[in-house]
Number of protein chains: 2
Amino acid sequence: MNISEKINLTDTTPEDRSPEDRSMAIRETLRNAIIDRRLAPGTKLSESEVGSLFDVSRTVARAALQMLAFEGLVKTERNRGAFVSNPSPEEARQIFASRRLIEPGIVASAVERITPEDIAEFRRQLDEEERYLNERGPAARRAEIKASGDFHLMLASVAGNVILQRFMDELVARSSLVIALYGRSGVSSCGHAEHSAVLDALEKGDGERAAKLMIHHIDHIEADLDLQLKQGLGLKDALSLA
Amino acid sequence: MNISEKINLTDTTPEDRSPEDRSMAIRETLRNAIIDRRLAPGTKLSESEVGSLFDVSRTVARAALQMLAFEGLVKTERNRGAFVSNPSPEEARQIFASRRLIEPGIVASAVERITPEDIAEFRRQLDEEERYLNERGPAARRAEIKASGDFHLMLASVAGNVILQRFMDELVARSSLVIALYGRSGVSSCGHAEHSAVLDALEKGDGERAAKLMIHHIDHIEADLDLQLKQGLGLKDALSLA
DNA sequence: CTTGGGCAAATCGTATGCAATCTTGGCATT
DNA sequence: AATGCCAAGATTGCATACGATTTGCCCAAG
């Protein structure tokens with residue numbers, strides 16, 4: 001199967017494609033394709049394929065894949081290639097444990113720095129979320145998941161700590177993979193309401209409450225997963241390759 | 001100045017130098033050189049220099065530098081090269097803010113998983129710390145700083161969350177850079193006692209107290225820094241290049 | 001003496017070639 | 001029929017070559 005159909009090469013604007021750093025642009029495009037599930041876990045991303053897709057040499061394609069490997073979105077196997085990550089249930093648990101630790105802190109910072117303009121921006125974002133929520137079809141689903149993650153990333157951005165922001169970038173992206181693999185229900189139907197609630201608390205300056213709501217939100221997301229570890233077998237990776 | 005004298009190429013054992021992943025080994029060696037200050041902030045690390053030093057091509061040297069750039073230990077400037085990071089005071093604050101957020105959580109996980117064998121290992125580690133503390137000379141200083149960071153990394157390891165462990169890897173390494181730049185006193189003379197106190201609390205199973213001690217410990221480290229922000233100029237990077 | 005332009009050196013960005021390694025299909029053997 | 005083995009194909013790992021960009025120096029002009 002050719003992955004080219006799954007990748008929208010135009011979702012990075014042409015002029016951000018500055019004279020340089022094409023590998024960064026490729027990383028971004030692949031990242032987006034992965035987090036909104038156009039590229040399923042287990043998909044092979046060979047250097048030559050990626051390279052020819054973006055019309056660059058293997059060198060720069062490789063650089064992009066290395067970056068993705070570093071943030072845990074792809075796994076590379078020696079002399080075999082790069083594959084979209086297939087997080088284990090244990091990894092999933094650790095991802096959410098990390099989020100439970102970090103996000104309340106982000107909320108606490110955000111409540112002190114958020115501006116009315118930020119609030120308005122958040123409202124727009126939530127409206128968009130809701131719009132996708134009411135649409136049908138896989139495209140809307142994907143957009144909804146993406147938008148849902150963006151809420152958390154915007155929050156991290158408002159918090160103003162670029163290090164935590166990068167950590168959240170990684171955690172949100174990997175969460176999306178996990179949800180793709182282990183999610184059971186119609187995703188975050190509850191998620192939207194919870195996002196709103198967090199934002200309301202932030203607007204009132206009630207950081208305490210916002211943090212609590214955020215933890216509950218994360219709990220709910222994780223509770224919606226089916227993380228039975230039918231592990232113990234090393235071949236479960238092979239089985240989930242499909 | 002040649003950086004070769006500053007790098008101990010043998011500090012990775014020859015046989016861990018498996019048939020492959022030389023870039024990983026190079027990254028590790030450079031990392032160690034950076035975090036214990038043999039390579040000062042601002043030092044230029046050109047691809048060819050690193051390559052010839054480790055007797056590899058620029059390709060693999062470049063991969064190592066990319067990884068270091070990803071974890072914030074070096075900064076790369078387009079068409080100019082890679083330089084050991086020169087964290088700004090603001091970055092320093094964000095690093096410690098992140099640690100204040102993450103480390104208490106790590107302690108909380110660790111207290112539930114720590115074994116008597118772990119405790120013994122920690123004691124050994126603290127003894128080593130103390131030994132360096134009582135020695136004189138820059139080498140002992142460097143070793144002390146390294147050992148002090150290792151305490152936090154061991155804790156993360158015991159906590160059992162590989163994601164947080166990786167975050168801590170980055171934060172501890174960058175902290176070392178920050179201390180090198182902004183530290184004022186005889187480093188962690190107090191640090192050792194505080195490490196012991198945290199361990200004691202862990203041994204007693206008092207996670208609450210251990211977490212509090214850890215926060216105070218981080219506060220003390222940061223309080224020892226001189227983080228006056230004479231910023232506002234974009235060229236401050238150039239000034240601090242020395 | 002200072003300033004501006006231009007040339008040379010150094011360094012990075014990228015493409016490509018070759019060797020090593022892994023996978024796959026078929027064939028022989030049990 | 002099942003298993004083990006071997007050769008061919010494919011893919012990565014690495015090195016090197018070439019072009020682009022930046023830097024620093026030197027010299028000339030003011």
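These numbers were taken from a predicted model, which means no experiment stands behind them. Below, chains carry the letters A, B, ... as their sequence lines are ordered, and counting in each starts from 1.
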Rounded distance [0.5 Å steps], NE2 in H152(A) versus CZ in R99(A): 5.0 Å
Residue-level proximity of residues 55-67 of chain A to DNA chain C when a heavy atom falls under 4.0 Å: V56(A), S57(A), R58(A), T59(A), V60(A)
Just call it for S48(A): base, sugar-phosphate, or nothing, with non-hydrogen atoms closer than 4.0 Å on any strand. sugar-phosphate
Any R22(A) side-chain nitrogen or oxygen under 4.0 Å from OP1 or OP2 of dA15(C): yes
Within this structure, what is the CZ-to-P distance between R78(B) and dC12(C), rounded to whole angstrom? 12 Å
Between E47(A) (CD) and dT14(C) (P), how many Å, whole number? 15 Å
Please state how far atom CG in N79(B) lies from atom P in dT23(D), giving the value in whole angstrom units. 9 Å
Taking NZ, NE, NH1 and NH2 as the nitrogens, is one of them in R93(A) or E222(A) under 4.0 Å from a carboxylate oxygen of the other? no
Distance from E170(A) atom CD to S175(A) atom OG, nearest 0.5 Å? 10.0 Å
Sequence neighbours excluded - salt bridge (charged side-chain N to carboxylate O under 4.0 Å, His left out) pairs with any residue from residues 150-161 of chain B: K146(B)-D150(B)
Could you give the CD-to-C1' distance, from E77(B) to dT23(D), as a whole number of Å? 12 Å
Whole-Å distance, L45(A) CG to dT11(D) C1', equals 14 Å
Using atom CZ of R80(A) as one end and atom P of dC22(C) as the other, report the distance to the nearest whole Å. 10 Å
Quickly work out the K44(B) NZ to dT11(C) C1' distance and round it to whole Å. 7 Å
Measure CG/D21(A) against C1'/dC12(C) and give the value in whole Å, please. 12 Å
Using a strict cut-off of less than 4.0 Å between a Lys/Arg side-chain nitrogen and an Asp/Glu carboxylate oxygen, indicate whether E71(B) and R27(B) qualify as a salt bridge. yes
Considering residues at least two apart in sequence or located in another chain, which fulfil the ring pair (Phe, Tyr, Trp, His ring centres under 6.0 Å) criterion with F151(B)? F122(B), H195(B)
